[in-house]
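The structure appears right after this line, and notes come after that.
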Amino acid sequence: MTGKRYLGLAALIAGVYAALSPIWTNNPTETNKGIYTMIALGVITAALALVSLYRPSVAIDSLITLMGVLFIVSPWVLSFSDTAYRPMAWTAWIVGAVSLVAGAGEFQLERSEHRGLVTNR
């Protein structure tokens, strides 16, 4: 398994974890914004990771990186970073960091592989 596959698998696991996280991080005082955000971003990240595993491209890797950034900023933008919502916020920050690193790593590997193909002609 190549490095891109490991990174794609990490993004897939992070996306699935985020989508399912409201099951165990749900708080009775939790806002629906946080729950729906985690589910939506998680499903989109997992879908992008699946596409990346089977059809790698720089564009998909860039979108996974963007999803990581959205995860990281979402607790502040949607106001679920308060003490009462902290488990959901920490989940968003950790999943965001994993997605960001995985997407950026895949992007760099794909780009360097493409450059290698172009210079070897």
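Because only heavy atoms are used, hydrogens play no part in the values below, and waters and symmetry mates are left out as well, while side chains stay in.
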Rounded to the nearest 0.5 angstrom, the OG1-CH2 distance for T91 and W24 is 8.0 Å
Taking all atoms of both residues into account, what is the closest heavy-atom pair of E110 and S57, and its distance?
CG-C, 4.2 Å
Side-chain heavy atoms under 4.5 angstrom apart, residues restricted to Ile, Leu, Val, Met, Phe, Trp, Tyr: same cluster for V98 and M88?
no
Quick one: CG on L109 to CG on L7, what's the gap to the nearest 0.5 Å?
6.0 Å
Which distance, rounded to the nearest 0.5 Å, do you find between the CG of L78 and the CD1 of I35?
12.5 Å
Answer whether the closest heavy-atom distance between the side chains of S74 and F80 falls below 4.5 Å.
yes
Taking all heavy atoms of A18 and all of G42, pick out the closest pair and write down the distance.
CB-CA, 3.9 Å
Listed partners of F107 passing ring pair (Phe, Tyr, Trp, His ring centres under 6.0 Å), at least two apart:
none
Give me the atom names and distance for the closest heavy-atom approach of I60 to L48.
CG2-O, 3.4 Å
Give the minimum heavy-atom separation between L12 and A46, together with the two atoms involved.
CD1-O, 3.5 Å
Look up atom CG in L70 and atom CG in L41, then write down how far apart they are to the nearest 0.5 Å.
6.0 Å
So, does T65 use its side chain to make a donor-acceptor pair with the main chain of D61 at under 3.5 Å?
yes
Could you pull out the closest heavy-atom pair between F71 and G96, with the gap in Å?
CB-CA, 3.4 Å
Linking I/L/V/M/F/W/Y whenever any side-chain heavy atoms sit under 4.5 Å apart, do I39 and V16 land together?
yes
For G103 and I64, work out which heavy atoms get closest and say how close.
CA-CG2, 3.7 Å
Grouping I, L, V, M, F, W and Y whenever their side-chain heavy atoms are under 4.5 Å apart, do V69 and V101 come out in a common cluster?
no
Do the side chains of L50 and I44 join up, straight or via other hydrophobic residues, at under 4.5 Å, putting them in one cluster?
yes
Would you kindly say whether E106 and S52 are connected by a side-chain donor-acceptor distance under 3.5 Å?
yes
